Every structure is written in structure tokens, then in C-alpha cells.
Protein chains: 2
Amino acid sequence: MSLTIKDVAEKAGVSVTTVSRVLNDRGYISAKTRKKVMTTMEELNYTPNEMARSFLSNKTRFIALIVPTTENPFFGELTFHIEKELAQKGYNLFICNSLNDVDNEKKYLRLLQEKRVDGVIVGSHNININEYEYFENKIVSIERELTAHIPIIQSDNYLGGKLAAQELVDKGCKRILCIRGDQHIKTPANDRATAYKDVMEENGLNYSFKEVPFQLQDQEKEALIDQIFAGEVVYDGIFAGDDIIAKMCINSAIVHGKSVPEELKVIGFDGTKIVRQLNPELSTIIQPIEKLAQKSVKILLAVLNEEKVNQVTKLSVKLLASNSTKR
Amino acid sequence: MSLTIKDVAEKAGVSVTTVSRVLNDRGYISAKTRKKVMTTMEELNYTPNEMARSFLSNKTRFIALIVPTTENPFFGELTFHIEKELAQKGYNLFICNSLNDVDNEKKYLRLLQEKRVDGVIVGSHNININEYEYFENKIVSIERELTAHIPIIQSDNYLGGKLAAQELVDKGCKRILCIRGDQHIKTPANDRATAYKDVMEENGLNYSFKEVPFQLQDQEKEALIDQIFAGEVVYDGIFAGDDIIAKMCINSAIVHGKSVPEELKVIGFDGTKIVRQLNPELSTIIQPIEKLAQKSVKILLAVLNEEKVNQVTKLSVKLLASNSTKR
DNA sequence: TTGAAAGCGCTAACAG
DNA sequence: CTGTTAGCGCTTTCAA
């Protein structure tokens with residue numbers, strides 16, 4: 001068992017209160033006493049028990065982040081930036097991979113209550129669950145509509161959808177498919193589909209959707225995508241749900257004897273660092289991941305501080321149009 | 001403030017001890033009392049305060065993971081698997097991005113002591129720091145040599161280096177460069193360099209190294225890599241430190257007018273899921289990330305349980321040789 | 001089978 | 001300026 005404040009107090013010949021005062025730099029203390037206590041703490045190599053303090057203050061300085069999986073680079077990068085931001089503000093990050101499974105998410109929410117985390121950032125995507133209500137005064141969400149009162153930080157998905165669709169149109173595509181997620185999940189990402197539809201209509205083109213739920217396994221996604229190219233391929237452009245799906249489309253198209261980008265142009269979404277490094281030739285919409293992280297943390301801390309915050313925060317996105325002759 | 005065990009006790013007309021017994025399923029309790037307490041807990045929607053329990057038991061059921069950054073897909077994937085594994089065993093994950101900075105790492109270690117995490121998994125890479133000694137009975141490391149007593153879980157780097165070098169030789173390369181990390185950091189990854197050297201010598205070829213420290217910024221790495229191709233390029237094969245560096249080499253080579261893979265063959269290391277999805281044409285050595293995660297957790301829990309464990313655990317790697325005509 | 005009371009390490013009145 | 005004391009919510013003896 002480690003040393004306590006009491007050990008320090010005894011060794012230094014003062015009361016525990018005095019040690020506590022030094023520790024927290026609170027109240028009047030003579031320079032001499034402070035010095036003595038500090039020295040003693042060092043000699044003993046005393047480490048305050050944050051657990052006890054948390055218990056007392058009812059604050060853990062833990063923030064939980066619920067994401068589908070940090071395996072996905074969007075969330076891996078988001079996690080990194082959120083942790084960095086939180087650490088700077090003196091908070092620590094408790095990671096929860098929900099795998100987009102409702103039961104997992106419920107279990108985690110229960111756990112978070114028990115562990116008394118100070119706040120929660122949700123980036124997972126599910127049908128809504130009531131359990132979020134419990135956290136209403138200490139939660140924000142990234143790209144997901146939870147309840148009417150939970151602040152949401154999101155990319156400008158409409159703009160993203162518009163830029164993507166317009167890019168394909170500008171490159172001469174006439175029959176463009178939009179791959180979207182599960183329609184029944186309320187997420188700002190749905191705005192992309194709306195924007196796509198609007199662009200198509202403005203340009204007098206037909207629109208068509210294919211649903212590839214985000215929570216599927218990669219193999220299942222690939223199977224769905226293969227369906228697109230299995231029969232006679234009627235598309236010359238695809239606006240994919242994310243960069244990985246975009247890549248899957250490209251792979252499938254090539255396997256099915258389609259040349260990319262000559263016969264088929266594909267545009268992705270997310271534009272994570274790793275995708276841009278590995279596939280710079282992929283056109284995509286870049287989400288401001290670092291800013292999403294910063295805003296989320298900022299707004300969450302404001303909420304915890306009982307300040308008034310905007311219900312919706314929308315951040316701009318950018319088109320990364322590949323000039324490459326390859327794609 | 002949330003409800004306490006006392007509220008439940010009062011409402012149920014029993015003592016707090018009894019409620020505690022129900023909560024922990026310990027000691028003798030009549031079925032009737034148990035039922036009454038359970039019902040009351042539900043009615044009140046009582047959530048036990050895990051913080052208080054932690055405080056008492058001196059166990060937080062938190063495990064910390066120190067990685068350079070979850071932004072890097074190797075660590076993003078590792079984080080995912082470790083969290084999944086821990087959650088299954090009833091532990092939660094506290095993430096620390098060290099950015100391979102010694103000061104960050106020291107700060108985190110201090111924090112981990114204060115927060116009284118039950119254990120630590122380290123995947124960060126630095127010069128050794130003494131602070132780890134404090135954790136000797138509750139720590140394991142992934143691919144990093146900390147102290148003589150800290151168990152290490154690693155890939156078979158020698159095998160990886162051998163497979164990679166041999167692959168390049170087999171493909172006909174004669175002048176192969178090995179890009180390695182900082183020589184002064186003690187890591188099993190150094191074995192790759194040894195294996196490479198051995199293979200070169202076996203084949204009567206000259207070996208040569210280029211140091212690209214892992215902790216540099218991407219831009220700095222690119223600058224170092226550009227140096228390789230800036231002058232007259234003497235290499236026809238490169239064994240890169242990881243897949244991202246491999247890709248940087250390919251990019252730089254192409255920019256400098258070299259054709260890949262005709263004039264230059266490159267092999268990477270790590271073989272993360274995302275890299276295989278986005279760049280299936282890149283030859284690489286696949287690290288068993290999921291197994292590394294599982295073993296790390298298993299061994300850490302054994303350590304916490306005061307069981308005897310192996311000081312070194314080595315997991316096999318696989319060559320992913322691209323058949324693609326493209327690279 | 002149940003309850004009373006002590007105490008985990010720390011902070012915060014309240015005295016002195 | 002410093003010390004005494006009373007808890008925070010829970011578990012754990014020890015009694016009943």
C-alpha cells in the first residue's frame with residue numbers, strides 16, 4: 001500500500017490538514033512549514049491518491065469517448081486529438097469501442113454512470129437509446145443526433161455532399177450513385193444524400209442510392225458493393241460513404257473489368273491523414289477532424305461548467321480533388 | 001448528487017450492510033430481503049458508486065495504455081483490440097498519447113500513479129526512463145525494452161527482417177537499403193536490421209542503413225527520405241521501417257523519376273488492416289496486432305495476479321508479398 | 001440472517 | 001498560521 005497524507009504529516013511533524021493545504025496550495029501557510037512538507041513529500045516519494053480526492057469531490061476528471069472502433073482511422077485520429085485536447089485541460093480519456101452495437105453501448109453507459117465519469121463524448125452511431133438522457137447535462141455528440149438537448153458537433157455534411165456530387169458532375173459523370181449509410185439512423189451524414197440529390201436535380205440528372213450500413217463488417221460491405229458491379233454497370237460516378245468504401249468500389253470496379261477513372265470516377269469522404277498519405281490519388285471530402293475534436297472538448301467543458309452552448313456546431317469541409325491522371 | 005446505498009437502505013427498511021451484501025452477492029441473505037432490496041434499487045434507479053468502491057478496495061479496474069499516437073493505424077488498431085480484450089475481462093482503458101516525448105511520458109506516469117491505475121501497457125518508444133521502476137509489478141510492454149523485469153510482448157522482428165530482406169533479394173534486388181529507427185532506442189525492432197544484415201551477407205551483398213527516427217514528424221521523415229533519391233539513386237530495393245515510410249519512399253522515388261517496382265522495389269512493415277485495404281499492392285510484413293493485444297492483456301492480468309510470466313513473448317509475423325504487377 | 005460501527009485517504013468547516 | 005473533527009459511499013469485521 002502506498003503512503004498517505006498521514007505518513008507525510010507524521011514525518012514532517014504537522015497535521016494532515018497542513019499537508020493537504022500544501023498539496024492544494026490553499027489557505028495560509030508559512031513558507032517554512034510549506035518547505036518542510038514539500039521536502040518530506042519528496043523524501044518519502046509521496047504520491048497523492050487521486051482516487052480519494054475524486055471520491056470526495058465527486059469529480060473524476062475522466063471523460064469517456066464512445067466510438068465504433070479506433071481501428072477506423074477517422075476515429076483513431078479523432079481519439080488522438082480529443083485525448084490531446086483533454087490532457088491539456090487536465091482531463092483524461094476513457095475509451096469505449098461500441099462497435100456500433102446497441103447492447104455494448106448500453107453496457108458502457110451503465111458503466112460510465114458507475115465510474116462517475118465527468119463527461120461523455122459520443123461518436124458512435126446507433127438508433128437512439130434512452131439511456132443518454134441520464135447524461136444530458138454532461139454529454140456532447142460528434143456527428144450524431146441523440147436527444148433534443150444534447151449539443152452536437154458536426155461537419156457541414158450538406159456542403160460535403162454538394163462538393164462531392166458537383167465534382168463528379170464537373171468531371172463529366174452522368175449516372176452517379178450515392179452510397180449512404182442506414183437511413184434509419186439519425187445522423188447529420190444524411191445531409192450528404194440530400195445535397196447529392198439536390199445537385200443531381202439541379203443538373204437534370206437522375207439520382208440513385210445504395211445503402212451500405214456503416215456498422216457492417218468489411219466483408220459484408222464488400223459483398224454489397226460487388227452487387228453494384230456484378231450485373232451490367234450503369235454508373236460512371238460514385239459518391240461513397242467514406243474513403244474505405246470508395247476504395248472498395250474502385251477495387252470491385254477494377255476486378256469487374258471497369259477502368260478507373262476513365263469509365264468510373266469515385267469520390268470518398270473523411271480524408272483522414274492516413275488515407276491521404278496512402279491514397280493521395282483518391283478524391284475525397286476532408287473532414288476537419290482536429291477541429292471536431294477541439295470543438296467537442298471545448299463545448300463539453302462549457303457544458304460541464306454549466307455555460308450556455310449552441311445546440312449545433314457545424315464545421316466546414318474541403319474538397320480534395322485529385323489531379324492525378326490515375327484516378 | 002446521486003443516490004447512495006443509504007437511500008436504498010432507508011427506502012427498503014434495511015441496513016446499509018444488507019444492501020451492500022445484495023450488491024456484492026456476499027454473505028447470508030434471505031431471499032425475501034434480497035428481493036426487496038433489488039426492487040428498491042430498481043425503483044430508485046440506483047447506480048453504485050464505483051469510485052467509492054475503488055477507493056476502498058484500492059483497485060480502479062483501469063488499465064492505462066501509453067502509445068505514441070492512436071493516429072498511427074498500428075496503434076489505432078492495437079488500441080481497439082486491447083480495449084476490447086480488457087472490457088471482456090472487466091477492465092477499462094485509459095489512453096495516453098505520448099507522442100514519443102519523454103516529458104509527456106513522465107507526466108503520464110506520474111498521473112497514472114496518482115490515479116492509481118491497476119496496470120499499464122506501454123507501446124511508446126523512448127530512451128528508457130527510470131520512472132517505470134515504480135510500476136514494475138503492474139506493467140507490460142509491447143515491442144519495447146523497459147527494465148530487465150518488465151515482461152515484453154513482441155513480434156518476431158528478426159523473422160520479419162529476414163522475410164523482408166529475402167523477398168527483395170528473391171525479386172532480384174542487389175543494392176538494398178534498410179531504413180531503421182533511432183539506433184539508440186532499445187527496441188526489438190532493432191532485430192530487423194540485424195536480420196537484414198545477415199541476409200545481405202549470406203547473399204554476398206552489401207548492406208546499408210538509413211536512420212529515420214520513428215518519432216519525427218511526417219514532414220521531417222519525408223525530407224530524410226527525399227535525400228535518398230535526391231542524388232544519384234544507387235538502390236534498387238528498400239526495406240522500410242513501416243508501411244507509411246514505405247509509401248513515402250515510393251512517392252519520392254516516383255517524383256524523382258524512378259519507376260516502381262521496375263527500378264525500385266519497396267517492402268514495408270506492420271501490415272495494418274487499413275494499409276492492406278488502401279494499398280493492397282504494397283508488400284509488407286504483417287504484425288499480429290490482435291494477438292499482440294490479446295497476449296499483452298493476458299500477461300498483464302497474470303502479472304497483476306502475481307502469477308509467474310515469461311519475460312519475453314515473441315509472436316510470429318507473415319510476409320505479404322504483392323503479386324501485383326503494379327508494385 | 002441482519003445490523004452497528006470502524007475506517008479507506010482526503011478535504012473542509014470550525015476552532016484556536 | 002495550524003490543528004481537530006467530521007464526513008464522502010462503501011465494505012468489512014464483529015456482535016447480536
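Lettering follows sequence order; numbering is per chain, from 1. Predicted, not measured: the structure shown is a model, and the values here were computed from it.
- How far NE2 of B:His125 is from CD of B:Glu143: 6.5 Å, rounded to the nearest 0.5 Å.
- For A:Arg53, no side-chain nitrogen or oxygen approaches OP1 or OP2 of C:dG9 to under 4.0 Å.
- OP1 or OP2 of C:dT11 sits under 4.0 Å from a side-chain N or O of A:Asn24.
- Residue ring and nucleobase are stacked for B:Phe55 and C:dC8, with a centre distance beneath 5.5 angstrom and an angle between planes beneath 30°.
- As judged by a 4.0 angstrom heavy-atom cut-off over every strand, A:Leu56 is placed among the base-contacting residues.
- Within the 3.5 Å criterion, the main-chain N or O of B:Glu42 finds no donor-acceptor partner in the side chain of B:Asn45.
- Atom C1' of nucleotide D:dC10 and atom CD of B:Glu50 are separated by 10 Å, given to the nearest angstrom.
- When the P atom of D:dG7 is taken as reference, atom CE of B:Met51 falls 20 Å away, rounded to whole Å.
- From B:Thr60, atom OG1 reaches atom CE of A:Met51 across 6.0 Å, with rounding to the nearest 0.5 Å.
- Residues from residues 14-23 of chain B that place a heavy atom under 4.0 Å from any atom of DNA chain C, listed by number: B:Val14, B:Ser15, B:Thr17, B:Thr18, B:Arg21.
- Here A:Tyr28 does not reach the OP1 or OP2 of D:dG3: none of its side-chain N or O atoms lies under 4.0 Å away.
- Classification of B:Lys11 and B:Glu43 as a salt-bridged pair holds, one side-chain N sitting under 4.0 Å from a carboxylate O.
- At the phosphate of C:dC10, OP1 or OP2 sits under 4.0 Å from a side-chain N or O atom of A:Tyr46.
- Annotation: of the two residues near DNA chain C, A:Ala52 and B:Ser30, the 5′-most nearest-nucleotide partner is B:Ser30.
- Atom CZ of B:Phe94 is separated from atom CG of B:Leu86 by 13.5 Å, given to the nearest 0.5 angstrom.
- Residue contacts shown for B:Thr33 are limited to sugar-phosphate atoms, with no base heavy atom under 4.0 Å away.
- With rounding to whole Å, A:Ile29 atom CD1 is found 13 Å from C:dA12 atom P.
- To the nearest 0.5 Å, atom CG of residue B:Asp118 and atom CG of residue B:Leu112 are 11.5 Å apart.
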